[in-house]
Structure formats: C-alpha cells, structure tokens
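Written out below as structure tokens is the structure these notes cover.
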2 protein chains.
Amino acid sequence: MTSIREAQRGARRQGPGGEFSARRQATRERLMDAAVELFAERGVLAASVEEICERAGFTRGAFYSNFDSKDELCLDVLRRKGEQHLVALQQVVESMPGAGSGLSRAQVIRDAVGLFLQAQPKERTELIAMMELRLHALRTPELREGWLAVHANLCASIAGQLQMALDRVGGRIGMPMPQVIELLGAMYENTVSMSLLNGEDAPTGLTAQLVALLDGLIHD
Amino acid sequence: MTSIREAQRGARRQGPGGEFSARRQATRERLMDAAVELFAERGVLAASVEEICERAGFTRGAFYSNFDSKDELCLDVLRRKGEQHLVALQQVVESMPGAGSGLSRAQVIRDAVGLFLQAQPKERTELIAMMELRLHALRTPELREGWLAVHANLCASIAGQLQMALDRVGGRIGMPMPQVIELLGAMYENTVSMSLLNGEDAPTGLTAQLVALLDGLIHD
DNA sequence: CGTCTTCGATACAGTCGCGTATCCGATGCA
DNA sequence: TGCATCGGATACGCGACTGTATCGAAGACG
C-alpha cells in the first residue's frame, strides 16, 4: 500500500548511506530545536506541527518533506539527544583531572556533580522536554525504545563520571551503581520541577542536594 | 463581561455553602474518575472533553454544566486527591502498631514502606495521571497551587509514617526529613515509569529498592 | 548557459474538538 | 396533582490542525 510513493520519498530525501544533504540536515536541526522548545512549553501533544514549523521559520511543507510524522520527529530528537550524551561523556572524561590531586572527598564529589550539571543541557527547557517525551513514550510504543536508548546513554555517562570520582576518592557505595544513578537522576528531575512549580528562577541548592545525597551514600 | 450569566450558573450549580446536590456530586465524581483514567492513557491535553464524557457515560452538556473548563476539572481532581491523601494519612496512623514490638529495624522499615505503598493509589493509573498533571501544572499557573497542595499533603502523610517508623526503630537520618521524602517520592515515580517503559507488568522490586535506600540513609 | 533535481511553499479538503444556546425530562415541593 | 427548578441532552457554528497534491525557485551539474 502506497509503497511506491513512500519508497520515492525515502529515496529522495536520504542518500543510500542514510546521510542528508547539508541543507536538509540544517532544516532538520532547526525543526528539531523548535520542537524541543515547544515540547517544553506546551507538551508534545499540544505542540502542533504548524507551530513547530512557524517557530523554525518554515511551513508544514518543509516538515512533511523531512519527517513522516510528529512521532518520527520525536524519535529523531531522541536519537540526537543520545548522540549528544555520548559526546558529553567523552568531554567529561577528558576534562576530569587525574588521580592524586590531594583533594578532600567532599570537594571531589562537588567537582563531579558540577561537571555533571555542566554537561547537562543548561536550560531546564531540555529537561522538561525530556520529561514530556518520556511520558509520551509511555503511551507510544514506537518511542519507548528511543527513550530507553537515550536513558541508557545518559546513565553510562554519569556512571563514568561517578566511578572516576570514586576512584579518586577511594570511597565505596553500598547500593549498586545503576540504582544510585537512577536515584540521582530522579532527584535531579524532581528538584528542577519542584523549583519550577514554586516559581523559582533557578533550582534551589541543586548541587547541595546532590552532594548531600552522595555524601550520605558513600562509605570508606 | 458576562458576569451575570456566570453568576447565574454559579448560583445554580452550587449552594451558598459550596455544597452540591447528591446527584450533581455523583456525576462530578464519575467525570473526574473518567478524566483521571484518560489523563493516564493519553495525557491531559490529548484527553478531549468529549472522550472524558463518553467514558463517564455523559455528553458534553453535562461536563460544561459541572465544570467551566478542563483546567477547572483538573483543579477539582487535584483537590479531591488532596483530601484522599489526608484520609489515607489518618488510616495509616491508626493502623500502625505501637512502639516496643521488638522488631528489627529492617522489618520495621519494610512494614512502613509496605504501608506507604498500600496507602498509595493501587493502580499505576493514578501515578501516571499525577505525573501528567504535574507537567500540565508546570505550564498552567492556575494549576500550580493545586498541585503543590496535593504534594504537600502527600509529603505530610509520608513524613508521619516515616517518623513513626523511625521512633520505633530508634534510628536517625542525616538528611533533613523533607528532603528524604522528596527523594523517596522521586524514586517511587522513577521506578514505576521505568518499569512501564520496559514493558513490565509490575514494578520490579519497588519495595526492595525503597527499603535499600532507607537502609542506606539510616544510622544509629 | 541550459537542463535537471532538490526542497520548501502554497492551496485544498477533510476531521475533530470546543463552547454556547436551547430544550426537555425528572425531581422536589406545596 | 400541579408547578418550578434542576440537570443533563441536543443542535449549532466556529476555529484549528492534519496530510496530501502540486507548484516554483534556488542550486548542482555537464
């Protein structure tokens, strides 16, 4: 059914290897950026294709020439996010100083948390958008895998940082690492959304809370 | 503007003290129940008024006779939830055995967590709906206060349980109590949604995780 | 320099949901 | 039993969004 048309569109928009032309890639990025903003502002479902295009400076024609549907765009947004996390992981690993710096445990932890927060998308926008996307993925089976992949990347990234910090500090955590990371992520999300609900401009003592939690979990 | 009409409607649907007739209250409940289900299934924004009414066995006429808008219904859903939490708190306090039962700390904690989970709305439906409502409240200032009130009630409820458990056990927690509760709530949410994303029927080891976390936080 | 392709804009038809105005049966009250 | 009010159903017009089919300009290529 309509396989000919679809094949034509697919062939037209994407080279045999899956690459896009530079121009095409640029419009895709702009559309995805606009989508993330609107997802955060209005939610995935309430962000109309029309509005996304308008914000990106295109019309719906451009959208449907690049994506089959909004869900398909969501999937690509998630994929891109996953790649960004991988890159962030590498940067963080590089920027982390080697062992033997003689810093106190608290300081090392604080540094690691700072690095994590810095590596995170700075704007809350992205966090809210991801929360929206997760909820959307909860009801949209096609998106689940994409979300889980992003999540896995992020976890790996944090695990790397945290392990390095622990190595430098010589401490141990009783709880299994994956669980610790889930915990940190959940707390991060929770703190940011609570601060938003309370009408604060910036999360109150986010770093302090994360540090306190880690401090409570690490033993010698 | 239209103040006369609004006043009429207000007067018609609600007695001077704010009470509703039994019949009216019943349809309101049915509409709210249907709304919560649909919020969990499709999200707040995608749950159309039409669909809510259909599921509740009414038409839109009934809806607009009872609520001014979907947001107004959300607010009432939140209010109801807040009251339910208060009731749950009382029940929990009553059902909790007195001190001096000679149980181990782990067992007491496990009991407290069990009580908490039992007092929680059993279906994940309600949790997801609340997550949707929170995200919706994030963008809808009129709803923020309502959501925060529910949250405060829930926290108070948990704080009560937890404090009782701690008293029985003689333990202490280094982290401030409100923060601990946020943490537990965040972990609860996170675990449930991860299990749903992974396609599991029931959250894997929810109790165990909560217990482990508490165990890690409690000192003598 | 002309042709061909690519990519986004435009135009269109169709669907869905909203909120209001109005109506009618049921229920309560004298 | 008759009347008034209440509560939900019905009917209507409206606006927004969708996805597709088609068009035209900018850029690639020989």
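In what follows, chains carry the letters A, B, and so on, assigned in the order in which the sequence lines appear, proteins first and then strands, with residues in each chain numbered from 1. Just so it is clear, the model here is predicted, and its values are computed rather than measured.
Put simply, CZ on A:R42 is 13 Å from C1' on D:dA16, counting in whole angstrom units. Taking atom CD on A:Q25 and atom P on C:dC7, their separation rounds to 12 Å, with Å as the unit. Between B:R60 atom CZ and C:dT22 atom C1' there is a gap of 14 Å when expressed in whole angstrom units. Separating the OH atom of A:Y64 from the P atom of C:dA11 is a distance of 18 Å, rounded to the nearest angstrom. Summarising the geometry, the separation between CG on A:L31 and P on C:dC7 is reported as 14 Å, rounded to the nearest angstrom. Rounded to whole Å, atom P of C:dC7 lies 11 Å from atom CZ of A:R28. Put simply, CZ on A:F63 is 18 Å from P on C:dT10, counting in whole angstrom units. The distance from atom CZ of A:R24 to atom C1' of D:dG27 is 15 Å, rounded to the nearest whole Å.
Between B:E142 and B:L75, every side-chain heavy-atom pair lies at or beyond the 4.5 Å cut-off.
Between C:dT10, C:dC18, D:dG7, one nucleotide has an atom nearer to the side chain of B:V49 than all others, and that is C:dC18.
For C:dA26, neither phosphate oxygen OP1 nor OP2 lies less than 4.0 angstrom from any side-chain nitrogen or oxygen of B:R23. One finds a side-chain N or O of B:N66 lying less than 4.0 angstrom from the OP1 or OP2 phosphate oxygen of D:dG8. Remark: B:T27 is in phosphate contact with D:dG8, judged by side-chain N or O atoms under 4.0 Å from OP1 or OP2.
For A:N198 (side chain) and A:M194 (main-chain N/O), a donor-acceptor pair under 3.5 Å exists by modelled atom type. Remark: side-chain polar atoms of A:T140 are not paired, donor with acceptor, to backbone N or O of A:A137 under 3.5 angstrom.
Contact annotation for B:S69: no contact, since no heavy-atom pair falls under 4.0 Å across all strands. Base contact: A:E50 has a heavy atom under 4.0 Å from a base atom. Counting any heavy atom pair closer than 4.0 Å across all strands shown, B:S48 reaches sugar-phosphate atoms only and no base atom.
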Item to check | Audit row: B:S48, B:R42, side-chain hydrogen bond (donor to acceptor under 3.5 Å, both in side chains) steps and yes/no | outcome: CA-CA 9 Å; B:S48 70; B:R42 310 201 197 294; over 6 Å; no

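A salt bridge links A:E50 to A:R60: one of the charged nitrogens lies within less than 4.0 Å of a carboxylate oxygen.
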